[in-house]
Amino acid sequence: MLVAARAAQGVGASMLSPVALAIVVNAMPDPRERARAIGVWASVFGLSMAVGPVTGGALVAALGWRSLFWVNVPVVLAALLLTALFVPESRAPRAQRLDLPGQALLTLVIGVSVGVLIEGPRIGWTSAPALGAYAVTVAAAVAFVRVESRRPEPLMDPGLYRSAAFTGAVLGAVAVFVALNVTLLLTTFYLQHARGWTPPAAGLATLPMAIGATVCAPLSGRLVGRGGPWLPLVLAGGFLTAGGLCLVGLDQDTGVPLLLLAYALIGTGFGFANAPITNTAVSGLPAARAGVAGAITSTARQFGAALGIALAGGLVAGAGPEGLARASRPGWFLVAGCGLVLLVVARLSRREKRERPR
């Protein structure tokens with residue numbers, strides 16, 4: 001029942017980001033204004049990072065884990081009321097038909113690839129079920145590309161990926177959310193199980209990460225509006241890399257100041273990353289297709305989140321409290337590597353800007 005309910009939540013959540021981005025794009029036709037608005041919109045991620053772990057820790061400690069689901073009810077009801085009162089409708093001139101084969105194949109690719117990462121430590125990376133999962137993932141991915149290239153209204157238009165900047169934005173979205181979710185999961189395990197912190201204390205430890213994301217996202221939007229995505233992406237990549245490298249030597253007695261510094265650096269990198277990635281994805285597309293770009297980047301984010309959780313979980317699977325710090329070290333190298341991916345994306349965005357005809 002819990003898994004089914006979470007799947008239902010995921011269906012609803014999958015609709016939020018594309019719709020929100022379409023509203024922002026249609027409400028802000030000026031590119032510079034839109035970049036700033038996307039920065040403000042992205043800062044909500046940081047705000048949720050601030051409110052979520054602290055509130056979640058307090059709820060778990062006071063009322064139990066089930067309260068984490070009940071607290072959503074008044075939030076959703078308030079959102080429905082405010083949407084009905086204040087959000088104007090915006091839609092494409094013609095509705096796009098559903099691409100059910102593409103949807104099924106994409107679901108298969110993501111589900112099987114993430115599933116084998118989760119179960120790999122238990123079943124063995126070279127076991128028959130794992131090898132079968134690899135084969136299914138590759139076959140489904142090849143079939144997805146072929147199907148999408150032949151459909152008149154594909155789920156993901158392959159033509160969009162001819163733009164190096166757009167492709168880079170999608171890869172950047174995956175990298176950012178891999179880094180974020182690896183950080184959150186490893187931090188939760190380490191602080192609560194290895195060091196014995198309470199859930200509220202572990203939530204408070206993530207505040208520097210949340211503050212960095214909340215403060216830097218609007219600034220990133222301003223930088224994008226003023227000079228394009230290159231500088232915010234470089235800053236995002238640099239901060240993420242530095243934050244991950246701070247913790248590659250993590251042990252049982254790592255000082256709290258170093259932990260908080262690393263979390264602040266990672267949160268700052270996350271804050272600088274969202275606006276340029278999202279703005280790059282929607283740039284060059286008509287406003288009516290903003291939902292398409294939003295949907296693709298949202299899918300990339302959610303895939304990155306699932307991938308990050310699977311990878312982090314695989315690293316610490318079977319590790320006892322005394323071994324968690326050492327087991328998590330490759331995860332911090334992974335966070336640093338995601339920062340390097342953003343530096344590559346920054347280079348792609350600058351190269352495309354130079355090569356674009358004026």
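Computed from heavy atoms alone, side chains included, the values below leave out hydrogens, waters and symmetry copies.
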S.K.: What are the two closest non-hydrogen atoms of A310 and L117, and how far apart are they?
M.R.: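 That closest heavy-atom pairing would be CB-CB, 3.8 Å.
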
S.K.: Give a yes-or-no answer on whether the side chains of T278 and R301 include a donor-acceptor pair shorter than 3.5 Å.
M.R.: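 Their side chains do contain a donor-acceptor pair, which is all the 3.5 Å distance test asks for.
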
S.K.: Measuring from atom CG of L231 to atom CG of L223, what distance do you get when rounded to the nearest 0.5 angstrom?
M.R.: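 Separation between the atoms: 5.5 Å.
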
S.K.: So that I know where these two stand, are F177 and F270 an aromatic pair - ring centroids less than 6.0 Å apart?
M.R.: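 Ring-ring flag for F177/F270: true, centres closer than 6.0 Å.
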
S.K.: Can you check whether V145 reaches V142 side chain to side chain, under 4.5 Å on heavy atoms?
M.R.: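 No. Closest side-chain heavy atoms not under 4.5 Å.
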
S.K.: I'd like to check L342 versus F272 (side-chain heavy atoms, cut-off strictly below 4.5 Å). Are they in contact?
M.R.: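 Answer no - side chains too far apart.
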
S.K.: Mind checking whether L340 and L245 sit in one hydrophobic cluster, side chains of I, L, V, M, F, W, Y counted as touching below 4.5 Å?
M.R.: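 In one cluster: no.
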
S.K.: Of all heavy-atom pairs between A312 and V182, which one has the smallest distance, and what is that distance?
M.R.: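 That closest heavy-atom pairing would be CB-CA, 4.1 Å.
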
S.K.: Looking only at atom types and distance, does a side-chain atom of S127 sit under 3.5 Å from a main-chain N or O of G124, one as donor and one as acceptor?
M.R.: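 Yes; judged by distance alone, with no hydrogens or angles, the pair exists.
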
S.K.: What verdict does the side-chain contact (heavy atoms from CB on, under 4.5 Å) test give for L63 and W70, after you've listed the backbone C-alpha separation in whole Å, the side-chain angles of each residue and the deciding distance to 0.1 Å?
M.R.: CA-CA 11 Å; L63 301 173; W70 286 111; over 6 Å; no

S.K.: What is the minimum heavy-atom distance between L233 and L343, and which atoms define it?
M.R.: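 For L233 versus L343, the nearest heavy atoms are O-CD2, 4.4 Å.
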
S.K.: Quick check: do Y263 and I211 have side-chain heavy atoms less than 4.5 Å from each other?
M.R.: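 The answer is no, as the side chains (C-beta and beyond) never meet within the 4.5 Å cut-off.
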
S.K.: Assess whether side-chain contact (heavy atoms from CB on, under 4.5 Å) is satisfied between T187 and L184, documenting all intermediate values.
M.R.: CA-CA 5 Å; T187 296; L184 291 175; 5.8 Å; no

S.K.: Near R222 CZ, under 6.0 Å, is it more than 12 heavy atoms from other residues, nucleotides or ligands?
M.R.: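 Counting other residues, nucleotides and ligands, CZ of R222 stays at 12 neighbours or fewer.
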
S.K.: Taking the side chain as every heavy atom from C-beta outward, state whether W332 and L250 have any pair of such atoms under 4.5 Å apart.
M.R.: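 Side-chain contact under 4.5 Å: yes.
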
S.K.: Within the structure provided, determine whether I118 and I309 are in side-chain contact (heavy-atom separation under 4.5 Å).
M.R.: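 A side-chain contact under 4.5 Å is absent here.
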
S.K.: Enter the distance from Q192:CD to L324:CG here, rounded to the nearest 0.5 Å.
M.R.: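 Between atom CD of Q192 and atom CG of L324 there are 11.5 Å.
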
S.K.: Rounded at 0.5 Å granularity, tell me how far CG in L261 sits from SG in C246.
M.R.: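 Reported to 0.5 Å precision, the distance equals 4.5 Å.
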
S.K.: Quick check: closest heavy atoms across T268 and C216, and the distance to 0.1 Å?
M.R.: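 Heavy atoms only, the tightest pair is CG2-SG, 3.5 Å.
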
S.K.: Same hydrophobic cluster for Y190 and M209, using side-chain heavy-atom links shorter than 4.5 Å among ILVMFWY?
M.R.: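 Yes, Y190 connects to M209 through the hydrophobic network.
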
S.K.: Count the heavy atoms of every other residue, nucleotide or ligand shown that sit under 6.0 Å from CG of L77, and state whether that count exceeds 12.
M.R.: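 It does: L77 CG has more than 12 such atoms within range.
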
S.K.: Tell me, do V116 and T137 make a side-chain contact under 4.5 Å, heavy atoms counted?
M.R.: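 Side-chain contact under 4.5 Å: no.
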
S.K.: What's the verdict on side-chain contact (heavy atoms from CB on, under 4.5 Å) for R6 and F69, showing C-alpha distance, side-chain angles and the deciding distance?
M.R.: CA-CA 10 Å; R6 291 290 284 159; F69 299 98; 3.6 Å; yes

S.K.: Is any side-chain heavy atom of R151 closer than 4.5 Å to a side-chain heavy atom of P101?
M.R.: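 Yes, close enough: below the 4.5 Å cut-off.
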
S.K.: Given the rule that I, L, V, M, F, W and Y join up when any side-chain heavy atoms are under 4.5 Å apart, are L260 and V335 in one cluster?
M.R.: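 Same cluster.
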
S.K.: Decide yes or no on side-chain contact (heavy atoms from CB on, under 4.5 Å) for L2 and W65, but give the supporting numbers first.
M.R.: CA-CA 12 Å; L2 177 63; W65 64 268; 4.2 Å; yes

S.K.: Atom CZ in F333, atom SG in C338: separation rounded to 0.5 Å?
M.R.: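 Rounded to the nearest 0.5 Å, the CZ-SG separation comes to 13.5 Å.
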
S.K.: Measuring only between side-chain heavy atoms, which start at C-beta, is V178 closer than 4.5 Å to F303?
M.R.: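 Result no, sub-4.5 Å side-chain heavy-atom pair not found.
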
S.K.: Please answer whether the main-chain N or O of R146 pairs with a side-chain N or O of S149 as donor and acceptor at a distance below 3.5 Å.
M.R.: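 Yes, because the side chain of S149 sits within donor-acceptor range (under 3.5 Å) of the backbone of R146.
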
S.K.: Is the side chain of Q252 donor-acceptor paired with the backbone N or O of A194 at a distance under 3.5 Å, no angle test?
M.R.: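 Checked: pair present.
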
S.K.: What are the two closest non-hydrogen atoms of D99 and E148, and how far apart are they?
M.R.: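 Closest pair (atom of D99, atom of E148, distance): OD2-OE2, 2.5 Å.
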
S.K.: Looking only at non-hydrogen atoms, find the nearest pair between A61 and P200 and report the distance.
M.R.: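 Residues A61 and P200, closest heavy atoms: CB-CG, 4.0 Å.
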
S.K.: With a 4.5 Å cut-off on side-chain heavy-atom distances among I, L, V, M, F, W and Y, is there a chain of contacts connecting V147 to L108?
M.R.: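 The answer is no; the residues belong to distinct hydrophobic clusters.
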
S.K.: Would you say that more than 12 heavy atoms from the other residues, nucleotides or ligands in this model lie under 6.0 Å from the CZ of R326, or not?
M.R.: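 Atom CZ in R326 is not crowded, with 12 or fewer foreign heavy atoms closer than 6.0 Å.
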
S.K.: Between atom OG of S67 and atom CG of N72, what is the distance when rounded to the nearest 0.5 Å?
M.R.: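 If we round to the nearest 0.5 Å, S67:OG and N72:CG are 10.0 Å apart.
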
S.K.: Mind checking the CG-CD1 spacing from L180 to I266? Nearest 0.5 Å is all I need.
M.R.: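 Nearest 0.5 Å value for the CG-CD1 distance: 9.0 Å.
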
S.K.: Determine, using the 4.5 Å side-chain heavy-atom cutoff (strictly less than), whether L106 and V138 are members of one ILVMFWY cluster.
M.R.: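 No: no chain of side-chain contacts under 4.5 Å links L106 to V138.
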
